[in-house]
Amino acid sequence: MAQGKGAKGTTPKLPRNYEVAPGLSRFSKARLFHKRGLYQKLQKASPAKPKSKEDKSKQYVVKPIGGDKNGKERRILAKKGSKITPVLTNVKNSVRRNPKKVPLRKSITPGTILILLAGRHRGKRVVFLKQLEKSGLLLVTGPMKLNAVPLRRVAQAFVIATKTKLDISKVQVPDHVNHDYFKKKSEKKSEKTDASIFAAGKSEYTVSDQRKADQKTVDSALLGVIRAHKDRKYLFGYLGSRFSLAKGQLPHNLVY
Amino acid sequence: MIYNKFVEVGRVVFIAKGKDQGKLAVIVNIIDGNRTLVDGPSTGVIRGVRNFKDLHLTKYKVPIRLGQRTKGVKEAFEKAGINEQWKNSLWAKKLEKRHIRANLTDFERFKVLRAKQLRNRILRTELGKLRNANKTNKAPKSKKAKK
């Protein structure tokens, strides 16, 4: 399973159990149980058994009962368990604050034209710039002039990679455009009174000047690349239009 | 019904299903009502048994003897120049077109769409011109002639 990371000749040291695909680990819980030798732990636990036997005799109280052919006595638990199970208060709501970076599909390389499948820009064809560090999301841009898609993050799962690629080696994406650049800035909750929440209303999102400037630098370089392309007239139309399925087109059979 | 293509020794067949799909081969021997021994040394088909259901007969024939060995089949096939003839046939060209259409990328499909639109636009304008020309020709005639 070791992939091409061992290009320099050294194979990476993988942990015993690792993710083969996102959410799918190589070995199941049962397999790992045997691999880790946890059955040995169970075996070692056996000398503790005679102790439990002694405890068992004290757990039960023998009470005589009447009635014919009833066995004359019953073993009853000395301490009956509570019928009310306690509310689990210690359950941690594990929120993934730092999502794992999903490895980039081989079909997605810088300059690939992608088809967005979800969100307000669904169906639009955009240019892939780079994969953002930390989050692993894809940084794409319309370019804005062609299809109104700004510098934006997109998840790999909601994207179809087409075979069309542009040469964006000369397009420089500013370094400060990263995961934190796109993070939503939440206003500090100063007052907790109801009046303030409803009085303030929804704060409209305004595009910051920084975003506009970055958009301009990236897009002007990108548009230059497109204009120099052999099929530039078609490319302008291609990036400006949306993807749709016609009659007889089966998405699983199409080549993108 | 008049049949023109016969199952016979030397008949060139197109393998439509199964192994070596899409290749040509020559009937070398007939086993029974369902199966035949087929060989295509020049087309990459190893001598073997095929069911007639998987084969489509072509109009080409190669002069070979019954049970001809592979070497002989190859010579006869290449002498007849079947590969060239096949490439130039409508059948092969249609197959090639189908293959190209199935493997168009999204961008190529878009370019085809634009080309089609352009072509149709030209056609419609020409048709419109013809229609108008026809109207002006018919106008002086009586209105009864209106359809």
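None of these values were measured; they are calculated from a predicted model. Proteins come first, then strands; the chains are lettered A, B, ... in the order of their sequence lines, and each starts at number 1. All heavy atoms count here, side chains included; hydrogens, waters and symmetry mates do not.
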Which of these passes side-chain contact (heavy atoms from CB on, under 4.5 Å) with B:Asp106: A:Thr164, A:Leu254, A:Val255, A:Thr162?
A:Thr162
Check the surroundings of atom NZ in A:Lys101: do more than 12 heavy atoms from other residues, nucleotides or ligands lie under 6.0 Å from it?
yes
Working to the nearest 0.5 angstrom, can you tell me the gap between A:Gln249 CD and B:Arg109 CZ?
5.5 Å
Is the number of heavy atoms from other residues, nucleotides or ligands under 6.0 Å of A:His176 NE2 greater than 12?
yes
Does A:Arg232 have more than 12 heavy atoms from other residues, nucleotides or ligands lying within 6.0 Å of its CZ?
no
Please classify the contact between B:Phe110 and chain A as side chain, backbone, both or neither, with a heavy-atom cut-off of under 4.5 Å.
side chain
Could you tell me which portion of A:Ile160 (side chain, backbone, both or neither) has an atom closer than 4.5 angstrom to a non-hydrogen atom of chain B?
neither
More than 12 heavy atoms from other groups under 6.0 Å of CG on B:Asn88
yes
Working to the nearest 0.5 angstrom, can you tell me the gap between B:Thr105 OG1 and A:Lys165 NZ?
11.0 Å
Kindly check if the number of other-residue, nucleotide or ligand heavy atoms within 6.0 Å of NZ (B:Lys61) is above 12?
no
Mind checking whether A:Tyr238 and B:Phe107 have parallel, tilted or perpendicular rings, split at 30° and 60°?
tilted
